[in-house]
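To start, the structure under review is shown below, and the notes come after it.
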Number of protein chains: 2
Amino acid sequence: MANIQEVAQKAGVSVATVSRVLNNNSTVSPSTRLKVENAIKELNYEPSMLGRNLRNSESRLLLVLIPSISNPFYTEIINGIQNTAIAHHYNILLCETNSNPEREDIYFNMVKNKLADGVISMDPTVNMQKLIELAENHSIILCSEYDESNVIPYVSIDNELAAYHAVKHLIKIGNEKIALINSDEKFLYARQRRSGYERALAEFNLPLRKEWIYNTTQLDFQDGVQAMRMLLKLKEKPSAIFAVSDTLAIGALKEMNASGLKAPDDIAVVGFDNISFSNMTNPTLTTVAQPMYKMGCTAATMLINSIHENKVESILLDHELIIRESTMG
Amino acid sequence: MANIQEVAQKAGVSVATVSRVLNNNSTVSPSTRLKVENAIKELNYEPSMLGRNLRNSESRLLLVLIPSISNPFYTEIINGIQNTAIAHHYNILLCETNSNPEREDIYFNMVKNKLADGVISMDPTVNMQKLIELAENHSIILCSEYDESNVIPYVSIDNELAAYHAVKHLIKIGNEKIALINSDEKFLYARQRRSGYERALAEFNLPLRKEWIYNTTQLDFQDGVQAMRMLLKLKEKPSAIFAVSDTLAIGALKEMNASGLKAPDDIAVVGFDNISFSNMTNPTLTTVAQPMYKMGCTAATMLINSIHENKVESILLDHELIIRESTMG
DNA sequence: CATAGTAATGTAATCGATTACAAAATAAAT
DNA sequence: ATTTATTTTGTAATCGATTACATTACTATG
């Protein structure tokens, strides 16, 4: 691959002139511009981003941290991020951390090393301490997951309110014994959603029974299966279930099926996230939809603003309850 | 962020010495090494990859092209790629092309621009012409998808044989009227799987009826729903279905459910890919599993070998038929 | 025609690292 | 003590671009 020197030589001009043509900056006479353009074509020249980035000390690359690409929840968010980034001439680098701190470090280093201009983190297991440290010198946005200290700008939804709405819906359709399948409450969203669940119960004077709250370690289908298995063993079984993730809810439905139970007649189920599978289950799953695409766009816009040294404010977007068969009689 | 000059100054040595400590290359005396290491710590210095990469003209970044991260099929492959890459001190850049040629161009340019050292393409819609052109000067591996011309090394499975096995299984359990839900046959794998389907039918002297072959445009659930809807409208309905993707098969199951039909009693169904959700459906889905993790590892190993100028041969890995409820009486 | 003013191009420093080669410091041998 | 060999360190070129500043080539004006 040719470099700028060779192009300059072939065109019979200096490297500066070639660079000017490349960036169509200052005034280059039409005739020399043509000469340079021809030389570029002939040599099949492509400017090296390494050289350019080193000089400009920017990479126009954005890091997007996700714990696992297998979680369909991230799909639309990433689309939003990507479209927005590309519109601003940035590219994104999808980084799957698998919640592995070492892998996380690799990506943090890319930012420190100027190989990326900023980070959007969607990893709830991210080392917040390190991230905050990184945020002192670099642009970082939290998306969907965030930190209460509000040191790092975030975009998310009101998890407490969303959970409240979901549970209220279950109550409205006649349920009084409502279980919660929650993830590990070390995560902020898990604590917030539990709090919304509790608020709804309290508001209608329904009992809050701790055996109806099951915490999973992961968010896989299998965890939902396991949770439901436990709940069905109870003497007093719940009549409805709010799961904080569609994957858990789908696992729960699967286990109900295996036990010959039907939603919503035997047990009504509400999930969270509106992943594409949630419309493929039998019955289809009632769920809370987050404005994922918009969330992605917003996160990207915030990050790019932050990179350009603009002040950035955290944002909470609206959610929506999508009622399907698993809560419709 | 400090640079190597400042470290050198603080340590009272030359930049060369600092660089030597960084790469713990040649012999640096223990005492100066200590001085340098202290300076590095004090200044919180991290070497700039831009400078290093420019000088070494490598980025140690691998591009992984996928059409869409929403397809769960890629999950394990990517894990394999990532683990192998990291073991060799490479990082991967996940690139979602959305089958958009412009986006594809962006990523191709990153390679031409030395911002990435090589590419693993898993995008069946990739512009093969351009890719082959790129392969003249750069390291490229095709994974799962490939090109018959064999100009670019690939790792895949024997699609014809896998389809043959799947259909033979349907025949063995007593089906004679077997439909094929195939994707667009512009894709090589689609042609190969159809060919395996036809071979199995021919071997058992079963009729090959063109109304039992349905081609979808995409691989979404909805396409499977649509396909099944058409097949159920036929005067003579098939008794079994081989779908070339689990997503299609799951859509088909969904539509059967909606019509009050049960697998396998009314219609047996076999999918392809063994995505995690295929074990969550009701009934669970019989499917052809590809050794996805291994495929990813192999692809990464091949690419890294190729980057290091080693000769690389294409490889076909073994598949496995996983029999579940959708074909078990 | 001389000269000022503007447009076009070139020169060379710079970004932050690596490394061949040169030079200095130290150790070993006579 | 001098020479030689070896270890350690420094100097400066290099990777491929951008850009401030200098210089040259035009144009216009009196």
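Every heavy atom of this structure was used, including side-chain atoms; hydrogens, water molecules and symmetry mates were not.
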Test item: side-chain donor near acceptor, [X] and [Y], under 3.5 Å:
{"X": "A:N79", "Y": "A:E76", "answer": "yes"}
{"X": "B:N83", "Y": "A:R103", "answer": "yes"}
{"X": "A:S121", "Y": "A:D123", "answer": "no"}

* State whether A:T27 places a side-chain N or O below 4.0 Å from either non-bridging phosphate oxygen (OP1 or OP2) of C:dA7. => no

* Any A:N23 side-chain nitrogen or oxygen under 4.0 Å from OP1 or OP2 of D:dT18 -> yes

* To do: Please list residues of residues 2-14 of chain A whose heavy atoms come under 4.0 Å from any atom in DNA chain D, ordered by number; otherwise none.
  => A:N3, A:I4

* Kindly point out which of C:dA17, D:dT8, C:dA7 is positioned nearest to the side chain of B:R52? => C:dA17

* Asked: Choosing from C:dT14, C:dT18, D:dT9, which nucleotide comes nearest the side chain of B:T17?
  -> D:dT9

* To do: Could you check whether B:S19 gets within reach of a base, just the sugar-phosphate, or nothing at all, counting any heavy atom under 4.0 Å?
  => base

* Check every strand shown and say whether A:L54 touches a base, only sugar-phosphate, or nothing at a heavy-atom separation below 4.0 Å. => base

* To do: Taking the side chain as every heavy atom from C-beta outward, state whether B:N113 and B:M110 have any pair of such atoms under 4.5 Å apart.
  => no

* Side chains of A:E96 and B:I92: does their closest heavy-atom pair fall under 4.5 Å? -> no

Just the atom pairs and distances: protein N or O near nucleotides 20-23 of chain D's N or O, under 3.5 Å.
none

